[in-house]
Amino acid sequence: MTMGPRDYQKARFYTGLNPGAHEVGISGKVAGSIYAIGEIQDAIPIIHGPAGCGFHYRYNCQRDYLPVYEARCSNLKERDLILGGAGKLRAAILDTVATAAPAMIVIVPSTSIDMVQADLDAVVGELRGKVPTRLVAIRSETFSHPDKRDRKGDAAHRVAHLMVPDPGGDAGLRGCGFGEAMKAMVDQVMEARPAQPRTVNLCSLAWGATGPALIDGMTRELAALDIGINAVLPHGRTRDIVAAPGAGLNLLCRRVAWARYMQGRFGTPYFALGAPHFWQGEAGIERLYRAIAGALGAEGRGLDALADRGAEATDGLRPDRAYLSGFRYALVSSDYRAIPFLVEKYERVFAMPLSHVCVAMAPEVLDAEGITPDLAGILVDAMRIALEKAGSRARLLINPGAATLQAMAAEVDFVIGGEELPFRPAEARFIRDARNQLPLDFAGLRMAVAHLAEGISALPRREYLITDRLRQPITQAGMTDPEGGTACARRPAGAPSRATGAPGCPDRPGPPSDETNRCGSMKMWDEMWTRRR
Amino acid sequence: MASPERLESSCGCRLFGAYRSAISVQDAALLIHSTPGCNWGTLAFHLPSRANDIRQASSVLHEADIVFGGMDALEKGLGHALELYDAAAIFVLSGCVPEMMGDDLQAALRRCPATKPVILVQSAGFKGDMRSGMLDALRALIRVMPAPDAVRGSAVNIVGCFKDDFQSDADLHAIRRLLGPDIPVQAFIPHDTFSRLMAAPGAALNVVLAGFEEIGALLADRFGTPFVVVQHPYGLEGSRAFATTVAEALGQAPGPHLLRQEARAMSRLKQASGHIQKFYGMPVAFSGDGAREIALGLFLQRELGMEVEAAGRKPEDGRSVMLFGSSFDRGLAEQLGIPLIRVSYPVFDAIHISDQGYAGFEGAVNLVETIVNALMSTPYRRDR
């Protein structure tokens, strides 16, 4: 299936509708495991734990549009936990086999079962071969969730490899539920077989909201190089997982620990893209497929045509780029790591000249996210280098105040930013840069640029946008008070919100007491998760 | 027939029940003493219709806490919660992990110099179901209620209203309208402010929604407040019965507002009389078995003439053409190709922020409208 512009927009607007809560918590590793197993079309996860775990983990923030309805639970009570829960697990497996007959059942241990160190393998081993279903048990690497120090290490690693992806992948997140589930697939499901030349497995995690469209485009681009897809992991059927070692290469964004593990076990090498934004534009796309071909040892066939297709795409993009280049733009973002890529994206890929690049880097937030002053310096340097490389004339403003932002907005035609900005650029039109990655194929790239060119003149000014009014307190007359507003103690004015991609606080709707308590929950999370020693 | 285990695990645990009671206290903050997943799950079901109402945190129990005990995390978490939240009270809900470790939670709380009420609800998921958690938290709340100085005229408490019930705000408005101007509501228990809840013992009567009789009895025992048990006010008959029962328990005659509201609802329903006729004999199923669902089922059966399939029967085994349930039932509804009407907790694939609920006379009109529209918009025979 070839995904068109509407599919791309569906992916952007039909997913992630519910408010996120990552600012105030994480979901724990069970959620990652359930996501992985939920993607396997003929598998059912059994959450081995008390009923509440089985109840809520069916809802998964990775795919809020499609809960893992079919997930089961062993429903452990106090007595079961004392005795290890084997009987309940056995019953749940047999019930699932009898009523749903999946190709595979995967046991996901809850924290309670980790605490009693129950032997899941014993139950699975006992039933394996006696039921017509493949049985798999996930082994917990850590208790409950990844360690906070690992998270900090991950942040530092990402900054260290800001401009060029680490070919070895990220530092890894021990206790990542997705990784644990995939390691169980490697250990207990995949079967050794000769690797087919010119084939890859694509791992579907971490591509962002428009992931399916990206993967669809990649599939076509790889086909043009005569490289086939062995499996999209874990989105496929059990038999696809079994046959995964038949690929010559695993392609993935991040969370590479399982791929490293698979390489150790089956010899399948992996190629970590890092993030789609490393490979933007015609040059990025060409570079990506050359790198993949190199990693696969598949140089030759099709590679010559790659440059031609890139040139063809450039020709096709010329009218839209010419149109987009006729306006003035300012970029406002709190996603300080992404600024170099946003500069490249807008200046070079879309040909939209930036006059200002405004970024929020509040010390409190940097500290909470493990960004040391040295790393912050590297980040700012990277922003400057990106501006220089793009030939940009933009002024780089770090933590600008509201008055500066307002004055800046008056000088441009469009402000590019997150859903909500810390000021109201009433006179400038607004371009929402949210969640969408640029496609990694030439046809998709042309589609994305054409889409923006087509719609840009119809974008509304922010003058009447309700979303701006919702950030102000509500007066007794039911009107919002533009002079009002509350400050979150953790985030002074101009400080960023990671969730919205825009600097400033408050950046969420709600009257003052709501804001105080939301900020309270954010601080609680910092104190109990990041800073607790 | 689904196994009891499977039915139970689709209904949550004691912690979710305790959470639903505690988060209903509108100006309370919650510290969930457990691993982060419990905080995440409860918040995920709270946020869709309450994006601006975040007032909970986790003590984030970690591997080291399992070795050394979770008391340190609890004390730190509570200290921060007392300092950071603009809250009238703090609920501490303990999950499975600290209770498996056998932490002395009461002792930890005693060591924290609390400047506001701290209410502990031990709510390990393995110790009970959602209902038991709801009741436990309500009991804990009642324990901190002071004896009243005086009884307030004809004021009533409505017992059994929960903030994360779908359309709960609209239902509260509908209940106020049903009771009319002569019967003020002192508190919706527990869906109210902490100060109004603390003044709840001063009500003349507790109106206990079916399923919460134990709480009515506890309030009667502790404060001497009489109580009546009523079904949720769904449908015309259900709404009239609700209002009449309350008025009579207070020694009043039902107010004239009831006739006006009912007449208005009837005039609206006449606009869909042809559609309503078609409901007769229509088989429908409920996935939940809570008191709200039972009251709704009565309306569908008695007043709309629908055939409500027996509780406990799996919808997939029946012939229902419509399913009433939670967001988790959407998968089944899609599999069966029938519409889902969201009435049960949790609802996360729809939001409700308007005043249109299903309770009261007007609610009956809203529900009929929803049913007709759901039937008409169901993808049926789209392939010619």
If you count heavy-atom pairs under 4.5 Å between each of B:A81, B:P36, B:C96 and chain A, which one has the most?
-> B:P36
Using non-hydrogen atoms only, which part of B:A64 is less than 4.5 Å away from chain A: side chain, backbone, both, or neither?
->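 Neither; nothing under 4.5 Å.
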Pick one of side chain, backbone, both or neither for B:F348, based on which atoms fall under 4.5 Å of a heavy atom in chain A.
->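 For B:F348, backbone and side chain are both near chain A.
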Decide yes or no for [X] and [Y]: does some side-chain heavy atom of the first lie under 4.5 Å from some side-chain heavy atom of the second?
X	Y	answer
B:M101	A:M115	yes
B:F126	A:R79	no
A:S112	B:M100	yes
A:P50	B:C13	no
B:V60	A:W525	yes
A:K523	B:H80	no

Please round to the nearest 0.5 Å and tell me the distance separating atom [atom1] of [X] and atom [atom2] of [Y].
X	Y	atom1	atom2	result
B:Q56	A:R518	CD	CZ	14.0 Å
B:I54	A:M524	CD1	CE	13.5 Å
B:S59	A:E527	OG	CD	14.0 Å

Any salt bridge (charged side-chain N to carboxylate O under 4.0 Å, His left out) pairs touching residues 90-99 of chain B, not counting sequence neighbours?
->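 Qualifying pairs, neighbours excluded: B:E99-B:K127.
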Would you check if the side chain of A:N517 reaches a backbone N or O of B:D86 as a donor-acceptor pair within less than 3.5 Å?
->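 Yes, the answer is positive, given that a donor and an acceptor are paired below the 3.5 Å cut-off.
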Quick one: does B:N52's side chain have a donor or acceptor within less than 3.5 Å of a partner on A:E515's backbone?
->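 Answer holds: no.
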Within a radius of less than 6.0 Å around CG of A:L83, do more than 12 heavy atoms belonging to other residues, nucleotides or ligands occur?
->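 Yes - once you tally the heavy atoms of other residues, nucleotides and ligands closer than 6.0 Å, there are more than 12.
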Output, in order, the C-alpha distance, side-chain angles, deciding distance and verdict of ring-ring contact (aromatic ring centres under 6.0 Å, His included) for B:F328 and A:Y59.
-> CA-CA 8 Å; B:F328 281 130; A:Y59 176 73; 7.4 Å; no
Among B:I66, B:L61, B:V97, whose side chain to side chain contact (heavy atoms under 4.5 Å, CB included) with A:T111 holds?
-> B:V97
Chain A contacts: which residues in residues 37-48 of chain B have a non-hydrogen atom closer than 4.5 Å to it?
->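 Listed by number: B:G37, B:N39, B:W40, B:G41, B:L43, B:A44, B:F45, B:L47, B:P48.
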At a heavy-atom separation under 4.5 Å, does A:L76 approach chain B through its side chain, its backbone, both, or neither?
->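 A:L76 touches chain B through backbone heavy atoms alone.
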Can you tell which part of A:V24 gets under 4.5 Å to a heavy atom of chain B, answering side chain, backbone, both or neither?
-> both
Does a donor on one side chain and an acceptor on the other come within less than 3.5 Å for A:T516 and B:Y85?
->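 Checked: A:T516/B:Y85 side chains show no N/O donor-acceptor pair below 3.5 Å.
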Distance under 6.0 Å and angle within 45° of ring axis: B:R330 vs A:Y69 =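 Pair B:R330/A:Y69 does not count as cation-pi.
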